[in-house]
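Report on the structure given below.
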Amino acid sequence: MEGIAILDELFTGVQSALAPRGPNAEGIATLSWIMFAGAGLIFLLVMALLAFALLAPPGRRGWLADRRMVIAGGIVFPVVVLSALLVYGLALARGLVSVPGEAPLEIHVVGEQFWWRVRYEADDGREPLVTANEIHIPVGRPVRFTLTTADVIHSFWVPSLAGKLDMIPGQANRLVLKADRPGVYRGQCAEFCGAAHALMAFEVVAHAPEAFEDWLRAERQPARAPPTTFQARGRDLFIQSGCGACHRVRGTSADGDLGPDLTHIGSRRSIAAGIYPNNRGTLAGWIASSQHLKPNNKMPSFPVFSGEDLRAIAAYLEGLK
Ligand code: CUA
């Protein structure tokens, strides 16, 4: 049964290069299948020749040792096959970096130990919108990512939508992708970047175009005021405890830039870079014990709060929709 579940995940899952959900990922999946099928056929051919060489009567297998056979099978055949693959691969790669037709949505993603800073460039001269660990895109429109890093090499990979591209210090790499249908696709850092590398994931949420505009408009709003006194207490604790030294909550005095922007943390699906579901319990657990939940991440654990205070801060953050 386990085998079937793995196969199902491979062909329908949210993080599989064999379950493409956009033209770029489709091109890559097609190339993979061509290579897999070709390698399989050539393997069968070689095995058949080997069996013939071993089992056929000596009088009938002499042609296998012929000089022309060696040149045809050992030089001409691989040169032709590999050249054809090279031409096909280069043509495909060209299509993967070009943007057809309409102006792409520009998103800048910065890899950080061990999370993703996401910046939506505004085309009307406004400040870019900054968020983290969850990338929202419209369906049917090309998106061009500028990929950089704040520290070491990371690698940006959403297998269902595009190929893998490294984030390299001192360099800006560009990746174009397009989602064909609404959905949530999972991505993962694909280059060892330190102790918490395996816990550096993210999600791409593809919306219908109008829904994406709604999301963008909501996300541009400053944080809303806490609706309850309990949450207001959480906000006061958040500010007094110095959380704002690292985190920004637009509309409050918290304007740190070291960690993820928390202005709309309550609307995100997960916390800790795609690792835990986002709810009051995981938020409280994260604040008290982040080093236990994601060892060696850059946020220290804060085991200083009483349970009640912790719940108040978590309730405040959960309310930042
Ligand atoms: Cu970032 Cu691995």
Side-chain angles (χ1 to χ4, degrees), residues 9-10 13-19 22 24-25 28 96-97 106-121 128-137 143-177 179 184-206 246-248 256-262 265 268-278 282-283 285-287 289-301:
E9 195 60 31
L10 207 53
V14 295
Q15 186 182 345
S16 172
L18 297 179
N24 295 31
I28 292 168
L96 292 181
V97 292
E106 301 278 356
I107 303 178
H108 183 176
V109 182
V110 186
E112 313 229 0
Q113 286 173 317
F114 298 91
W115 59 284
W116 314 84
R117 190 187 296 268
V118 184
R119 199 177 287 148
Y120 294 76
E121 312 295 348
L129 167 68
V130 180
T131 170
N133 297 332
E134 192 175 281
I135 302 171
H136 292 247
I137 61 172
V143 183
R144 179 161 52 198
F145 288 98
T146 300
L147 304 174
T148 62
T149 171
D151 35 55
V152 300
I153 301 179
H154 303 270
S155 188
F156 182 88
W157 195 26
V158 200
S160 299
L161 295 178
K164 184 194 295 174
L165 196 59
D166 280 4
M167 303 163 127
I168 298 170
Q171 186 172 327
N173 283 339
R174 301 254 149 51
L175 178 81
V176 179
L177 61 78
V184 179
Y185 309 104
R186 193 170 186 276
Q188 172 94 42
C189 181
E191 179 80 37
F192 180 75
C193 53
H197 153 73
L199 300 177
M200 184 172 168
F202 61 102
E203 282 180 319
V204 175
V205 183
C246 294
H247 296 287
R248 174 170 291 134
D257 200 36
L258 285 174
D261 184 298
L262 301 181
I265 174 80
R268 289 185 210 143
R269 298 165 44 87
S270 61
I271 64 167
I275 301 307
Y276 293 101
N278 185 8
T282 53
L283 284 165
W286 178 259
I287 296 165
S289 199
S290 80
Q291 285 304 317
H292 183 81
L293 294 179
K294 182 166 167 173
N296 289 94
N297 91 85
K298 304 266 165 154
M299 174 165 154
S301 298

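Note that ligands are numbered from 1 as they come in the structure, with each ligand's atoms numbered from 1 the same way. Side-chain atoms are counted along with the backbone in the values below, which use heavy atoms only and exclude waters and symmetry mates. Remember, it's a predicted structure, so these values are computed and weren't measured experimentally.
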Requested in this report: Just to the nearest 10 degrees, tell me the angle at atom 2 (Cu) of ligand 1 spanned by C193 SG and H197 ND1.
Outcome: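 SG of C193 and ND1 of H197 make an angle of 120° at atom 2 (Cu) of ligand 1, to the nearest 10°.
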Query raised in the report: Which angle, to 10 degrees, forms at atom 1 (Cu) of ligand 1 with SD of M200 on one side and SG of C189 on the other?
Result: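 Answer comes to 110°, rounded to 10°.
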**Report entry** atom 1 (Cu) of ligand 1 - name of the N/O/S atom of H154 that sits closest to it
**Finding:**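 Result for H154 and atom 1 (Cu) of ligand 1: ND1.
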Requested in this report: Answer whether the closest heavy-atom distance between the side chains of R174 and L147 falls below 4.5 Å.
Outcome: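 Not touching, per the 4.5 Å side-chain cut-off.
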**Report entry** CD on E9 to CG on L18, rounded to 0.5 Å
**Finding:**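 Here the interatomic distance stands at 11.5 Å.
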Query raised in the report: Taking all atoms of both residues into account, what is the closest heavy-atom pair of C189 and H197, and its distance?
Result: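 Closest heavy-atom pair between C189 and H197: O-CE1, 3.1 Å.
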Report task. Identify, by name, the N, O or S atom of E191 lying closest to atom 2 (Cu) of ligand 1. Result ->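 The atom in question is O.
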Requested in this report: Assign the ring pair W116 / F156 to parallel, tilted or perpendicular, where the plane angle (0 to 90°) is split at 30° and 60°.
Outcome: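 Plane angle over 60°, so perpendicular.
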